[in-house]
Amino acid sequence: MNTVADAFVAADSGTDAPRLREIPYNYTSFSDREIVIRLLGADMWRLLQELRGERRTGRSARMLFEVLGDVWVVDRNPYLQDDLLDNPKRQVLFVDALRHRLREVDRRRQHGVGADAERDAKVARLIAAAGAAVDRFATSFAETAELRRRTRRVLARHTDRGNIAFDGLARVSHVTDATDWRVEYPFVVLHPDTEDEVRGLVEGCIELGLTIIPRGGGTGYTGGAIPLDARSAVINTEKLERLSDVERVVLRGHAEATPTIDCGAGVVTRRVIDAAERAGLVFAVDPTSADASCIGGNVAVNAGGKKAVLWGTALDNLVSWRMVTPDAQWLEVTRTDHNLGKIHDAKQATFELAWLAADGRTMTRRETLVIPGSAFRKAGLGKDVTDKFLAGLPGVQKEGCDGLVTSARFVLHRMPPAVRTVCLEFFGLARESVPAIVEIKDHVDALPKSGAARVLLAGLEHLDERYVKAVGYATKAKRHGRPRMVLMGDIVGDDDAAVAKAASAVVRIANARGAEGFVAVSADARRKFWLDRARTAAIARHTNAFKVNEDVVIPLPRLADYTDGIERINIEFSLANKLRLADALTAFLAARRCRPRGRPTARRGRRRKSSRPRSTRRANSSPPCAHAGRTSPTGSTRRSPLCRTARSSCRGSAS
Ligand SMILES: Cc1cc2nc3c(=O)[nH]c(=O)nc-3n(C[C@H](O)[C@H](O)[C@H](O)COP(=O)(O)OP(=O)(O)OC[C@H]3O[C@@H](n4cnc5c(N)ncnc54)[C@H](O)[C@@H]3O)c2cc1C
C-alpha cells in the first residue's frame with residue numbers, strides 16, 4: 001500500500017499507533033483506531049495492525065475501510081440516519097452495497113488462498129467481523145424504528161407527543177456540553193412542559209431501559225450532560241421556567257421574613273439575577289455562564305461565581321428544592337436552620353427530606369439529615385469538587401446522578417448601599433502578581449464585619465493573561481500593551497467613606513506589586529468594569545485550544561503555582577508537539593530521499609500517463625528505504641544517520 005500514510009507508518013516504529021485517517025468520510029474527531037475498535041472490536045484492530053505490518057494490505061484494505069467509513073458516517077450523522085429510516089428502499093440499497101464490497105474483498109482473498117494460509121485466516125476473520133458489523137448496522141434501523149414507536153407510546157402518557165424528539169437537530173444539539181466532548185448521540189430528547197410531567201417521564205424511561213441525563217443550559221465543564229450510551233434520554237429542562245416574584249418567607253428557625261425566590265429548573269440564571277436586582281436584592285449564584293446556564297444545572301454542579309466570596313455557592317443559598325429520584329419518586333429537601341450565610345460557617349446544617357407519592361403531595365417517607373457545617377468544604381476552598389457526596393445531601397453537586405432537580409427556592413441578599421468596584425491591572429509575572437489576591441482578601445477580611453463601618457468583599461474575579469488577550473481587553477492604564485493579569489472586585493459596606501478608604505487601600509496593595517488600579521463608583525461605571533468578565537463567557541467557545549477544560553477550585557494562596565503550572569504544561573506540550581512534527585517530517589522526507597532508483601515495480605499492465613516529473617513518479621511508486629524511521633534512544637523517530645553516510649547507496653532523490 002504505497003500511500004503517503006504508509007510512509008508515515010514506516011517512519012513510526014514506536015509502540016503508539018500513528019493517528020492515521022485511512023477510513024474515508026470520517027469528519028469526526030475519532031481516529032481510525034477508535035472507529036475500528038468500536039465497529040469491529042479491539043482484537044480486529046490488532047489483527048489489522050499485524051496485516052499492516054506485513055505490508056500487503058492494498059486494495060482489499062481500502063475496500064474494507066470504505067465499508068467501515070460508510071457505516072461510521074451514518075452512525076455519526078443523525079440526519080443521514082433519519083433519511084435512511086424514512087426511505088426503506090434506500091436503506092436496502094445502501095446495505096446491499098456494503099455487503100457487495102465485502103464479498104469483493106472475500107473474493108480477492110479466495111483468489112490468493114494457499115499462498116499464505118496464516119495471513120489468509122487473518123483476513124477471513126477480519127471480513128467476518130466486518131460482515132457482522134454490517135449485519136448489526138442493517139438490523140439497527142428496524143430496532144431503532146421499533147424503539148422510537150414504543151418510546152412515543154410510553155412517554156406520550158406523560159407529556160405532549162411534540163415534546164418527544166428523535167430528529168437530527170434535537171439529537172445533535174444534545175450530544176455535548178461546554179467540554180465539546182462527544183461520545184454518543186442521545187436516542188431521544190425530552191422537553192417536558194411542566195414540572196409535574198417529569199416524574200412520569202423518568203418512570204417511562206426506566207420502563208424503556210433508557211439512561212436518563214438531566215440537562216439545563218449545557219454549559220457544564222465536567223461532561224455531566226453528555227450521553228455515554230446510545231440508549232440515552234436527555235431530559236431538557238429549559239421549558240421549566242416558572243419564576244416566582246421575590247417572596248418574603250419566614251424560614252424555619254427564623255423570626256423575621258427573608259426574601260426568597262422560587263425558580264423552575266429551566267430558568268436561565270441571568271433571569272433570577274435580574275429579578276432580584278429589580279427588587280433591590282442580590283441572587284448570589286452568578287457563574288460567568290449566567291446568560292446560558294439554568295437553575296437546575298446550578299444546583300446540580302453547586303455553581304458559584306464572583307459573589308461566592310461573600311455569599312458562597314448554590315449550596316449556601318438554597319432553602320429547598322424538589323427533585324425526582326432515579327426510581328421515579330418525588331423528593332423534597334428543605335433546609336430547616338438556614339444561617340443566611342456560608343454553610344460551612346454554621347455549626348451544623350439540618351435538612352428535612354420528604355418522599356412523596358406519584359401525586360406529588362402524599363408523603364410516603366421522611367428523614368432528617370444533620371450535617372456538620374465543616375463537612376461541606378475543605379478549609380480554604382470555595383467548593384470541594386473532590387467530594388460529590390456532600391454527606392449524602394441529595395441533588396446538590398451530584399451532576400444529575402441521583403435525580404433530576406425540577407425547582408429550587410433560594411435566599412436573596414441585600415447589597416449594602418455603598419459599593420466600589422476596583423479594577424487592578426498587573427503587568428508583571430504571575431508569581432509576582434497573584435499574591436496580591438491573597439493580600440487584598442486578607443486586608444478586607446481584617447476590616448470590621450459588623451456595625452456601621454463594616455466593609456466586605458462582595459465579588460472577586462481574576463482574568464489571567466490568556467483571557468485578557470482573548471477578550472481583547474482594553475487596558476485602562478496609560479502604559480502600552482495588555483496587562484498580564486486583571487483583578488476585579490466589589491468592595492461594599494454601609495458607610496461610603498469606609499468603603500472608599502478600603503478601595504484606596506486595595507489599590508495601594510496592588511501598586512506595591514507593580515499594578516495600576518482604578519475605582520468605579522457609579523452603577524454604570526461599575527457595570528462597564530464587569531463587562532470584560534462577562535465577555536469571557538462569550539469567547540469560551542473559541543478558547544478550547546488553550547483551555548484546560550476542567551472544573552477546578554484552587555486555594556487562593558496556590559493560585560500563582562497553579563497559573564505557573566498550567567503555563568508550564570502549555571509550553572511543554574506545545575514544544576513536544578512541534579518536536580514530534582519535526583521528527584515525523586524529517587523521517588518522512590528521509591524516506592522519500594532514500595528510495596532506491598530504478599527498482600522494478602510490482603505494477604502490471606498499462607501505465608497511466610502522469611503529468612508529474614518522472615523522478616517523482618518513480619519515488620512514489622517504490623517502497624521507502626529501510627534506513628528510514630529508526631527510533632532514537634530517546635524514542636523519537638529520526639532519519640537514521642546511516643542514510644547520510646550511505647547516501648550513495650540510497651540512490652535516487654525525489655526531492
Ligand atoms: C464560560 C463559562 C463560565 C463558567 N463560569 C462558571 C463560574 O463562574 N462558576 C461555576 O460554578 N461554574 C461556571 N461554569 C460552569 C457551568 O456553567 C455551571 O456549572 C452551570 O451551573 C451549569 O449549568 P447548566 O444549566 O448549563 O448545566 P448543564 O451543563 O446542562 O448540566 C451540568 C450538569 O448538571 C446536570 N443537570 C443539569 N440540570 C439538572 C437538573 N435539573 N437536575 C439534575 N441535574 C441537572 C447535568 O446532568 C450535568 O451533569 C462556567 C461555564 C462556562 C461555559
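As the structure lists them, so they are numbered: ligands from 1, and atoms in each ligand from 1. These numbers come from the heavy atoms of this one structure, side chains and all, not from hydrogens, waters or symmetry mates.
Taking the centre and axis of the six-membered ring of Trp355, the NZ or CZ atom of Arg366 falls outside the cone set by 45° and 6.0 Å. The side-chain tip of Lys342 does not point at the ring of Phe376 from less than 6.0 angstrom away and within 45° of straight on.
Under a 4.0 Å criterion applied to the non-hydrogen atoms of Ala300, ligand 1 contributes the atoms 34 (O), 35 (C), 36 (N), 43 (C), 44 (N), 45 (C). Near Ala303, with a cut-off below 4.0 Å to any heavy atom, the atoms of ligand 1 are 11 (O), 21 (O).
Among the atoms of Gly304, some N or O lies under 3.5 angstrom from an N or O of ligand 1. In terms of polar-atom proximity, defined here as any N/O pair under 3.5 Å, Cys294 does make such a contact with ligand 1. When only interatomic distances are considered, the shortest N/O to N/O separation between Thr288 and ligand 1 falls below 3.5 Å. Considering backbone and side-chain N/O of Leu404, none are found under 3.5 Å from N/O of ligand 1. Among the atoms of Pro287, none of the N or O lies under 3.5 angstrom from an N or O of ligand 1. Of the polar atoms of Gly220, at least one N or O is found under 3.5 Å from an N or O of ligand 1, judged by distance alone. For a threshold of 3.5 Å applied to N or O pairs, the pair formed by Val405 and ligand 1 contains at least one separation below that value. The distance criterion of under 3.5 Å between nitrogen or oxygen atoms is met by Thr219 with respect to ligand 1. Considering backbone and side-chain N/O atoms, Val301 never comes within less than 3.5 Å of an N/O atom of ligand 1. In terms of polar-atom proximity, Glu399 is counted as a contact of ligand 1, with an N or O under 3.5 Å from an N or O of the ligand.
Arg199 and Gln329 form no side-chain donor-acceptor contact under 3.5 Å, judged by distance and modelled atom types alone. His338 and Asn317 are not linked by any side-chain donor-acceptor pair at a separation below 3.5 angstrom, with hydrogens and angles left out of the test.
At distances below 3.5 Å, at least one donor-acceptor pair connects side-chain atoms of Trp321 with backbone N or O atoms of Pro394. Checking side-chain atoms of Ser407 against main-chain N and O of Gly264 turns up no donor-acceptor pair under 3.5 Å.
Residue nearest to atom 23 (O) of ligand 1, selected from Ser293, Ala308, Ser407: Ser293 (by heavy-atom distance).
Crowding of Lys449 atom NZ: a count of heavy atoms from other residues, nucleotides or ligands under 6.0 Å exceeding 12.
Tyr473 pairs with exactly one of Arg482, Glu465, Glu425 by the side chain to side chain donor-acceptor pair (under 3.5 Å) rule, that one being Glu425.
Distances from ligand 1 to the non-hydrogen atoms of Asn298 include at least one value under 4.0 Å. Proximity of Gly403 to ligand 1 is established by a heavy-atom distance of less than 4.0 Å.
One finds the CG atom of Asp359 at 10.5 Å from the CG atom of Asp196 (value rounded to the nearest 0.5 Å).
Taking 4.0 Å as the cut-off between side-chain N and carboxylate O, Asp82 and Arg148 count as a salt-bridged pair.
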